[in-house]
Amino acid sequence: MPQRAAPSIVIAHRGASAYLPEHSLAGKAMAHAQGADYLEQDVVATGDGVPIVFHDLYLDALTDVASRFPGRARADGHYYCVDFELEEIRSLGLHERIDPASGRPRFPGRFPPEAARFRIPTLAEELAFIRGLNHSTGREAGIYPELKAPAWHRQQGIELAPLVLAELDAAGYLAPGQKVFLQCFDADELRRLRPALPAGLPLIQLLDRQALRSLDLQAIAAYAQGIGPPLTALADFGARPPRATGLRAAAAAAGLAVHAWTVRCDALPEGAGNLDALLRMLCGRLRVEGLFTDFPDRVRDWLAQEPG
Ligand code: CA
């Protein structure tokens with residue numbers, strides 16, 4: 001079994017999203033305080049071409065857009081970020097994820113959607129915020145931006161990658177030695193971007209079910225430094241005892257790191273048992289290099305007591 005030299009890195013998935021709304025600055029501050037090594041930014045664009053930190057292509061499940069801007073949904077019923085200018089998006093209230101049809105929270109045990117109002121940050125605002133936290137705490141958390149659906153943005157007339165890279169550059173993150181990973185599901189986009197990017201900027205190829213079906217790790221290793229598979233691609237948690245699938249070993253053989261998603265104490269993979277059993281598999285046995293988690297505190301605590 002491949003051995004990593006250092007403990008797994010803890011990547012705060014959309015912030016400390018178990019405790020505060022995903023991609024709120026408050027949630028990023030909490031993740032920073034909980035000792036996350038990296039804070040994730042999903043990035044989409046506004047209609048006027050400003051990169052914002054937001055997971056979905058549409059605003060419905062996380063904001064009050066339907067009541068603030070009735071009539072602005074497309075025919076499919078969604079209120080798309082690219083159909084709103086930054087000033088409109090700034091005026092929206094950001095809240096915990098709900099099912100727009102029922103209005104019920106996606107995770108009932110998390111921060112109540114009505115308990116407080118947050119805002120969607122621009123990427124520039126968030127990077128400045130994290131640099132501020134790094135300065136005031138003396139502990140540097142890295143950043144982990146994801147280009148969301150670049151091909152779809154292109155269809156809408158927006159080139160997402162140059163917008164994101166310009167912000168990273170302005171904030172100093174394209175200089176050597178910065179704590180940054182750039183991630184994307186779109187292999188064509190990462191392959192296309194690679195030659196223009198600084199050699200030291202590590203790329204993570206995210207893998208969905210479809211990509212896992214026709215996986216060519218050698219091809220990925222030609223442009224990326226790691227893969228981001230779902231937890232269930234690394235182990236069969238339904239087996240007794242759970243067993244490794246071989247993906248982790250194959251990635252190591254191809255020279256690729258593994259940053260797996262997503263560890264959620266309130267939504268563990270079926271059959272995984274409990275958090276301790278899950279992390280013993282991922283960190284203890286498979287020794288993945290990184291974990292995305294909604295619970296940076298719980299993973300950090302586990303790693304602190306991990307047997308060496
Ligand atoms: Ca993401």
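These figures come from a predicted structure and were not determined experimentally. Order of listing sets the numbers, starting from 1, for every ligand and every atom in it. Both backbone and side-chain heavy atoms feed into the values below; hydrogens, waters and symmetry mates do not.
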For this session: Show the numbers, then the answer: is there a salt bridge (Lys or Arg N to Asp or Glu O under 4.0 Å) between D83 and R74?
Result: CA-CA 9 Å; D83 293 340; R74 292 193 185 183; 2.7 Å; yes
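Distances from the Ca ion (ligand 1) to each N, O or S atom of E146 single out OE1 as the nearest. When distances from the Ca ion (ligand 1) to the N, O or S atoms of E40 are compared, OE2 comes out shortest. Nearest to the Ca ion (ligand 1), among the N, O or S atoms that D42 has, is OD1.
With salt bridges taken as basic N to acidic carboxylate O contacts below 4.0 Å, one links E189 and R154.
Alongside F107, the hydrophobic cluster contains no other residue (criterion: ILVMFWY side chains under 4.5 Å).
Side-chain contact check for S67 and D64: no donor-acceptor pair (N or O, by modelled atom type) lies under 3.5 Å.
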